[in-house]
Protein chains: 2
Amino acid sequence: MQLDERKYLILQAIIDDYILTAMPVGSRTISRKSGVGYSPATIRNEMSDLEELGYLDQPHTSAGRVPSNKAYRLYVDHLMKTVKLTSDERERMQDHLVAKSKQVEGVIRSAAGVLSDATKYTSVIVAPKLSTLRIKHVQLVPVADRLALMVIVTNAGIVKDAVISVPEGMTADELYAVSRTLTEKLADKPLEAVRQAFAELLRNAEYNRKLLGETLQVIEKRLEAGGDASDVIVGGPANMLEYPEYSDVSKARNFLAVLESKDTLRKLLSRDGSMEISIRIGPENQLPALNDCSIVTASYRVGDHSSGTLGIIGPTRMNYNRVISVLEFMGRALSDVLSEYR
Amino acid sequence: MQLDERKYLILQAIIDDYILTAMPVGSRTISRKSGVGYSPATIRNEMSDLEELGYLDQPHTSAGRVPSNKAYRLYVDHLMKTVKLTSDERERMQDHLVAKSKQVEGVIRSAAGVLSDATKYTSVIVAPKLSTLRIKHVQLVPVADRLALMVIVTNAGIVKDAVISVPEGMTADELYAVSRTLTEKLADKPLEAVRQAFAELLRNAEYNRKLLGETLQVIEKRLEAGGDASDVIVGGPANMLEYPEYSDVSKARNFLAVLESKDTLRKLLSRDGSMEISIRIGPENQLPALNDCSIVTASYRVGDHSSGTLGIIGPTRMNYNRVISVLEFMGRALSDVLSEYR
DNA sequence: TGTTAGCACTCAACAGCATCGAGTGCTAAC
DNA sequence: GTTAGCACTCGATGCTGTTGAGTGCTAACA
């Protein structure tokens, strides 16, 4: 059996209705809808077919139908008609985004807030992979006797800083001199090229080898591992509680627990390098606790490279239309803010 | 009617039991407890008196009794016997705390985590008031053409940094020179004395007045307002969901909403300068949404001054004993980490 | 006079049962 | 191919009776 025009129409009507109400949809409801000119009985026949084909589920015999994950998949791939954001909305989002500091973490934090506000779902943003950034400036600031703060400024802005230990008795002036050398050698290099640059630096080192070595190590560590917890940022964690899917406290707890594990989140949001929207529905995201959630992700760029991920986690019956529009817009906006960086 | 020995004993037994079970306590339950040698009937008479005196509430006629807020007040003021943490626990907490970077925010973040883990409640920590800190080092790092990152290192560690705008065409070397001047003049001054120091600097300014002026402004702004959102940090927000008091989703939502408003939290945790533990029970905290929560707070020092607040928010029937012990210990530990700062 | 046993009473929680109604599947007529 | 009609299903709702934890009161006891 194949899906004909009418089946598509009815399936779409069911999904649209279910996204709105979260209640099983009956044949009468669909029949009454404008654009569907059939009686409940006809709809019922079609629904029965759709159930057999795996697009609908029936919670119990005398209830309406509920879209299956397969239906959502079909919906996002073929049925969905995209809606535009109003220019008003766009402006508001843009405004909230740029009115923040030039620090990468700050920008991302505000972006996560904007995302969750605009969608009423939970948003997650992964900070730019350091490997895609270019160094503009490196500076060591003395902090204590044997400690210095390393600030790395990249083309995306200020990257979170790290404290490194330095040799005893190093003065502020000496640290500054080292900083100058570092900046000189590393400026405009992608972080990936840091290794070679450092090797060279170490060969004809005027300054303490150990210091340079440690600095290199720190940069490298951040480069590969993807850094510490703070580079996965969650917006509107409590939004999910608004939906009847999570009126069960223990479910809500599980959900919040997932949000607290930054590693899990990073894995959940990982994606290939393409700039396209990716949608994972229900079990497709491989995490039992999120079995009735969908995750929609997009990429943002810094400079020329695809660099980080922004995403929305919501119930499988989420408003995919709107979420996609918002993510696309915010992906571009975020790319702009982090790239065109003045 | 006055409270005699026996009434104290019974009241304490009731509170202890209720804290454990969150279920109305009956006379038989108390009677069976070791240390109470009376029959249920006697207990009932006493309970009746205690209810009349306002220490107990009865949800309905045939239910047991529940401690009133007045009872909790009496309990924490007089009845409670303090328990010690095991040295094992202390060590574990200490370990988790110190194994972190030297940045104030990082230390506080990890402290909040330790607190919420140790108590199973939600923890909140307010970052040190800048006015109590002493400057050790100020440095401007070039970020873009007309922007610089100002890093302030204090006796507590690295204070969150701010981006300020600088005059066009300022080189890194010039910025460094300004930084040196700033550091020289401000070193070891409390942030409060910054104003005078700056006035002096401005009078015989070798470097650009505008830059110095703006830098001063930034420092001052952070000094008075108490800074931005990131200096109130919440640990274990989802812990509250474990308690039957919050099995109602809408209650849980309200609670989480409070945690998202950093301003409200800062007000909730405000306290006089003393180092003593403060306990606010139920309505005492003036916030309807937290009417059946208690808030226990303690202070920590940086150097010689009382400087910031750490607190626990939990149900009114929380384990005050343990919470107080944990807060006292962590207050000291946090003071040490931030003060003895090597 | 303080303590306790006994007893009638109260009331939330729970299980059982009938009712209701939204929704279905099937059949027959259009 | 479409639709009206109808019997059927089953969760939700509400009513009822039962149970049991817990109380207050009274009277007996030490």
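Below, chain A is the first sequence line, B the second, and so on; all start at residue 1.
- Residue A/Asp4 contributes atom CG, which lies 9 Å from atom P of D/dT2 at whole-angstrom precision.
- Note that CG of B/Leu50 and CG of B/Asn45 are 11.0 Å apart. Values are rounded to the nearest 0.5 Å.
- OP1 or OP2 of C/dT24 sits under 4.0 Å from a side-chain N or O of A/Arg65.
- Nearest nucleotide to the A/Thr61 side chain, out of D/dT23, D/dC10, C/dG25: D/dC10.
- Atom P of nucleotide D/dG11 and atom CD of A/Gln58 are separated by 11 Å, given to the nearest angstrom.
- The shortest side-chain heavy-atom distance between B/Met330 and B/Val114 falls under the 4.5 Å cut-off.
- Of the candidates C/dC26, D/dC10, D/dG22, C/dC26 carries the atom nearest the A/Arg44 side chain, counting heavy atoms from C-beta on.
- As a whole-Å value, the separation of A/Lys7 NZ from D/dT2 P is 10 Å.
- Between B/Ile14 atom CD1 and D/dT23 atom C1' the separation is 13 Å, expressed in whole Å.
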Subject >> Evaluation steps, side chain to side chain donor-acceptor pair (under 3.5 Å), between B/Tyr75 and B/Asp16 >> reply: CA-CA 10 Å; B/Tyr75 180 74; B/Asp16 282 340; 2.9 Å; yes
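- At a threshold of 4.0 angstrom between heavy atoms, the contacts of A/Thr42 include nucleobase atoms, whether or not backbone atoms are also involved.
- Under 4.0 angstrom from either OP1 or OP2 of D/dT3 there lies at least one side-chain N or O belonging to A/Ser39.
- Pair check for C/dA28 finds D/dT3; Watson-Crick or G-U wobble, both atom distances under 3.5 Å.
- Considering only side-chain N and O atoms, A/Arg28 lies nowhere under 4.0 angstrom from the phosphate OP1 or OP2 of C/dG21.
- Mapping B/Ser62 and B/Asn45 onto DNA chain C by nearest heavy atom places B/Asn45 closer to the 5' end of the strand.
- For the pair A/His60 NE2 and D/dT9 P, the interatomic distance rounds to 14 Å; values are reported in whole Å.
- With 3.5 Å as the limit, one finds no donor-acceptor pair spanning the side chains of B/Tyr121 and B/Asn319.
- For the pair A/Glu52 CD and C/dT24 C1', the computed distance is 15 Å after rounding to whole Å.
- A/Asp17 has its CG atom 14 Å from the C1' atom of C/dG23, to the nearest Å.
- Proximity of B/Ser27 to the phosphate of D/dT23: a side-chain N or O atom is located under 4.0 Å from OP1 or OP2.
- Salt bridge absent: B/Lys120 and B/Glu242 never bring a charged side-chain N and a carboxylate O closer than 4.0 Å.
- For B/Tyr38, whose side chain is taken as the heavy atoms from C-beta onward, the closest listed nucleotide among C/dT24, C/dA12, C/dT3 is C/dT3.
- Proximity note for B/Ala41 (side chain, C-beta onward) versus C/dT4, D/dG22, C/dG23: the nearest is C/dT4.
- Picking from D/dC10, C/dG25, D/dT23 the nucleotide with the shortest atom distance to the side chain of A/Glu51 gives C/dG25.
- Rounded to whole Å, atom C1' of D/dG22 lies 14 Å from atom CD1 of B/Ile43.
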